[in-house]
There are 2 protein chains.
Amino acid sequence: MTTLWERSRQVAVQAILDTAVRLFAEQGYEQTTIAQIAREAEVSQRSLFRYFGTKEDLVCGDQEALGELLKRTVEQQPAEMSAWDALRAGFEVILTANHPPERALELSRLIFDTPSLHARYIEKRLRWQAELVPVIRARLGNGSGRPAPDTQAKAIVATVFACIDTATELWATHDGRIDLADLYDQCLAAVRDHS
Amino acid sequence: MTTLWERSRQVAVQAILDTAVRLFAEQGYEQTTIAQIAREAEVSQRSLFRYFGTKEDLVCGDQEALGELLKRTVEQQPAEMSAWDALRAGFEVILTANHPPERALELSRLIFDTPSLHARYIEKRLRWQAELVPVIRARLGNGSGRPAPDTQAKAIVATVFACIDTATELWATHDGRIDLADLYDQCLAAVRDHS
DNA sequence: GCATTTCTGGCAGTTAATGCCAAGTAGGCG
DNA sequence: CGCCTACTTGGCATTAACTGCCAGAAATGC
């Protein structure tokens, strides 16, 4: 622990986060101002912006860390595993590493119901996608080769995220009563199984 | 023509649009302010915001109309056509109905190079997706039925858009030298063909 | 032409976000 | 323990995207 600084900072961050999520749930995202959050969490507006660069980061801020985890997990899957299975393994790890399901559900609903938040969330996801493409391309048997391997990798990654997104949205609308991994498998099956 | 108002409005809108795209290309999206666009297009800032609700709409504003067209086209495909083929037909129509390829290329580059624009663009597209889901669900043979038809439809639509997005990005990075429809087919093949 | 409708422009205000500087606080060192 | 340095915090000013309001101009209908 590099110091007391870091600890009190953690405390402040947590207080801000709790206040923000509570206020967002109570009054909606757009109706809640940064000033109000800062006041109730007892920090200055200026510090709040130092901890969280933007208002949106209050909701989808810790995505960065998850993206790193996802990438590392996919990289570390055995080489003979298919791109699809490796990505699915990464997805699985993220699920277990996520927030307590109670809060995850609340955050998901907030994100899917608030256009500006949804956009920012997608933006972060696009960054993950870009980082995953080289990892997936390395895993593709460069045998067939008619579709350039880059095209293949991009399409696969984009599709997986589309399915994750779809599954998450369904999961949120069903109040978390259906298993998220099951929903993901159903989505992928709908796409990949030829009837 | 309901009036002279409508015509001069169209002129103003076009002037704003041209100015905006030119400035965005010259200096980048974030570095261009609304004030500058309004000044150079010779309209007041206030009117600019009346024509285009947000800065982002200057770039991806006319998506609404395309979404309508897409939906209608997909609906009108013969009933025995598969969901995949119907969506592909809709995509084809949009391609031809789009801007002159010169400007389309410029806009695509802008969107894919500017994270916040890209996110907003996808968000608008998500609205199309939601509208297409019932259309696609109606087209699914409700035979198999283990994955709820709604899940199936959502996943298929999301995947098709993911492939459109990927194809468009590749098309823009190749300066439009590769046929967009070909790229789309390659993306879909990478996803659907089991090797 | 004149009243009415509709649009435009300017102005003030709100909110998110950033830079700057002064003041405070923790950590290391004699 | 006291002091100096490094880092952090908070307040202030500023910018940029937007919104509401109102007065005035322009177009329309009679």
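As the structure is a computational prediction, the values presented were derived from the model and not from experiment. Naming convention: chains lettered A, B, ... in sequence-line order (proteins, then strands); numbering from 1 in each chain.
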*Asks:* Please enumerate all protein N or O atoms sitting under 3.5 Å from an N or O of nucleotides 28-30 of chain D, with distances to 0.1 Å.
*Replies:*
from: D:dT28; atom 1: OP1; to: B:L4; atom 2: N; distance (Å): 3.0

*Asks:* Could you check A:E30 against A:R46 and say which one's nearest nucleotide on DNA chain C is further toward the 5' end?
*Replies:* A:E30
*Asks:* Please state how far atom CD in B:E56 lies from atom P in D:dC18, giving the value in whole angstrom units.
*Replies:* 6 Å
*Asks:* Using whole Å, report how far CD of B:Q31 lies from C1' of D:dT15.
*Replies:* 14 Å
*Asks:* Classify the nucleic acid contact of A:T32 as base, sugar-phosphate or nothing, counting any heavy atom under 4.0 Å across all strands shown.
*Replies:* sugar-phosphate
*Asks:* Taking the nucleotide of DNA chain C with the nearest heavy atom to each, does A:A35 or A:R50 sit closer to the 5' end?
*Replies:* A:A35
*Asks:* Once you round it to whole Å, what is the distance between C1' of D:dC18 and CD1 of B:I37?
*Replies:* 14 Å
*Asks:* If I take atom CG in residue B:L48 and atom P in nucleotide C:dT8, what distance separates them, rounded to the nearest angstrom?
*Replies:* 12 Å
*Asks:* To the nearest Å, how far apart are B:F49 CZ and C:dA12 P?
*Replies:* 18 Å
*Asks:* Contact class for A:S8 vs. all strands (heavy atom < 4.0 Å): base, sugar-phosphate, or nothing?
*Replies:* nothing
*Asks:* Taking B:S47 for the side chain and B:R50 for the main chain, is one N or O donor matched with an acceptor at less than 3.5 Å?
*Replies:* no
*Asks:* Under a 4.0 Å threshold between the charged nitrogen and the carboxylate oxygen, would B:E92 count as salt-bridged to B:R88?
*Replies:* yes
*Asks:* When the distance from CZ of A:R9 to C1' of D:dA6 is rounded to whole Å, what number comes out?
*Replies:* 16 Å
*Asks:* Any side-chain heavy-atom pair from A:L58 and A:F24 closer than 4.5 angstrom?
*Replies:* yes
*Asks:* Let's see if you can work this out: which of D:dC18, C:dA17, C:dG9 has an atom nearest to the side-chain heavy atoms of B:T54?
*Replies:* D:dC18
*Asks:* Does B:Y51 make a side-chain N or O approach to OP1 or OP2 of C:dT8 shorter than 4.0 Å?
*Replies:* yes
*Asks:* Thinking salt bridges, do B:K124 and B:E56 make one under a 4.0 Å N-O criterion?
*Replies:* no
*Asks:* For B:R46, check salt bridge (Lys or Arg N to Asp or Glu O under 4.0 Å) against everything at least two apart and list the hits.
*Replies:* none
*Asks:* Using a cut-off of strictly less than 4.0 Å, decide whether B:S47 has a side-chain nitrogen or oxygen near OP1 or OP2 of C:dG9.
*Replies:* yes
*Asks:* Distance check needed: D:dA17 P versus B:L58 CG, whole Å only.
*Replies:* 10 Å
*Asks:* Nearest heavy atom decides the nucleotide; on that basis, is A:V43 or B:T33 closer to the 5' end of DNA chain D?
*Replies:* A:V43
*Asks:* If you look only at pairs with a residue in residues 105-116 of chain A, which of them pass as a side chain to side chain donor-acceptor pair (under 3.5 Å), with sequence neighbours excluded?
*Replies:* A:R109-A:D175
*Asks:* Once you round it to whole Å, what is the distance between P of D:dC18 and CD of B:Q45?
*Replies:* 11 Å
*Asks:* Both conditions, 6.0 Å and 45 degrees, for the charged tip of A:K55 above the ring of A:Y29: are they met here?
*Replies:* yes
